[in-house]
Amino acid sequence: MIGKGGERFQHLLSEYVREEDCFEKVVTLAGVDVSYKGDIASVACVAMEEGVVTQEVTWIGQPSFPYVSSFFALREFPLIYEAVRRVPCDLLFVHGHGRAHPRKFGLACHTGLYFQRPTVGVAGRILVGEFDNSYGDWTYLHFQNEAVGALVRTQEKMNPIVVSVGHMISLKSAVDYTRLSVMAHRFPEVVHLAHLLSRKTLDSR
DNA sequence: GCGACAG
DNA sequence: ATCTTGTCGC
């Protein structure tokens, strides 16, 4: 596995994550996702402005690290880096966790810190934390005596998604922008489209 | 020891 | 993530 060194590395870098809104206005949104087929990875980054797709970038590569829960960035960051670096945006949604992570340093934090951009992590399942089961549209996710994320019900009758700060944004804003960015699916539209595009790119090759 | 464990 | 058919619901 990775060992204590990897955990210390994440703990150390988590200190540099900023949880305040470090932006003026959000015009361009972007989302990244990855699909796999054997040892081939397909990355897609989609940008939107006012509900209209303005840029699509794809990248095919090979993961150089196995999937290990809580060390997801070691596997996916080198891959999403190639697509994200070509897509300028005001706010980036990453499919994975941000601060809602054992060492408060998930893939979204890793990505936000590297690019120094406002980043939000959106995941389909909880990695760490507890929450009050009775809530309306959303509720905070607590871990080690602090709110590290939020469960957001983006669609009725569907399981909530886990939203957390990646970098340069407050948790409340992360929740607000996530809800504003969801259209007809469980995840923010840019992430949903990136998922479809990465999948499509993989199938047609 | 046993179960959990982002994608 | 991926392997996979039908099926319930809007």
Roughly how many Å is it from [atom1] in [X] to [atom2] in [N], rounded to a whole number?
{"X": "A:Lys104", "N": "B:dA6", "atom1": "NZ", "atom2": "C1'", "value": "18 Å"}
{"X": "A:Phe65", "N": "B:dG7", "atom1": "CZ", "atom2": "P", "value": "18 Å"}
{"X": "A:His185", "N": "C:dC10", "atom1": "NE2", "atom2": "P", "value": "17 Å"}
{"X": "A:Arg103", "N": "B:dC5", "atom1": "CZ", "atom2": "C1'", "value": "11 Å"}
{"X": "A:Leu141", "N": "B:dA6", "atom1": "CG", "atom2": "C1'", "value": "12 Å"}
{"X": "A:Gln155", "N": "C:dG9", "atom1": "CD", "atom2": "P", "value": "18 Å"}
{"X": "A:Arg186", "N": "C:dG9", "atom1": "CZ", "atom2": "P", "value": "20 Å"}
{"X": "A:Phe187", "N": "B:dA6", "atom1": "CZ", "atom2": "P", "value": "13 Å"}

*Is A:Arg153 positioned over the aromatic face of A:Phe131, cation under 6.0 angstrom from the ring centre and no more than 45 degrees off axis?*
no
*asked:* Using side-chain contact (heavy atoms from CB on, under 4.5 Å), reason through A:Glu7 and A:Phe71 one step at a time and then give a plain yes or no.
replied: CA-CA 9 Å; A:Glu7 296 181 8; A:Phe71 286 102; 3.9 Å; yes
_Pairwise side-chain contact, A:His167 with A:Arg18, heavy-atom cut-off 4.5 Å (strictly under)_ =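 A:His167 vs A:Arg18: side chains touch.
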_Measuring to OP1 and OP2 of C:dA1, would you say a side-chain N or O of A:Ser35 lies under 4.0 angstrom away?_
no
_Ring geometry between A:Tyr81 and A:Tyr114 (parallel below 30°, tilted from 30 to 60°, perpendicular above 60°)_ =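 Perpendicular, since the angle between the ring planes exceeds 60°.
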*Looking at the side chain of A:His95, which of C:dT2, B:dA6, B:dG7 is the nearest nucleotide?*
B:dG7
_Over 12 foreign heavy atoms within 6.0 Å of CD, A:Glu20_ =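 Enclosed: over 12 neighbouring heavy atoms sit under 6.0 Å from CD of A:Glu20.
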_Proximity of A:His195 and A:Phe187 rings by center, below 6.0 Å_ =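 A:His195 vs A:Phe187: aromatic centres not under 6.0 Å.
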*asked:* Which residues in residues 110-139 of chain A have a heavy atom closer than 4.0 Å to any atom of DNA chain B?
replied: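 Of all residues in residues 110-139 of chain A, the ones placing a heavy atom under 4.0 Å from DNA chain B are A:Ala123, A:Gly124, A:Arg125, A:Leu127.
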Assign [X] to base, sugar-phosphate, or nothing according to its heavy-atom contacts below 4.0 angstrom with the strands shown.
{"X": "A:Lys157", "result": "sugar-phosphate"}
{"X": "A:Tyr67", "result": "base"}
{"X": "A:Ser70", "result": "base"}

*Are A:Glu49 and A:Thr28 close enough, and set up right, to give a side chain to side chain donor-acceptor pair (under 3.5 Å), and what steps lead you there?*
CA-CA 5 Å; A:Glu49 283 177 25; A:Thr28 307; 3.0 Å; yes
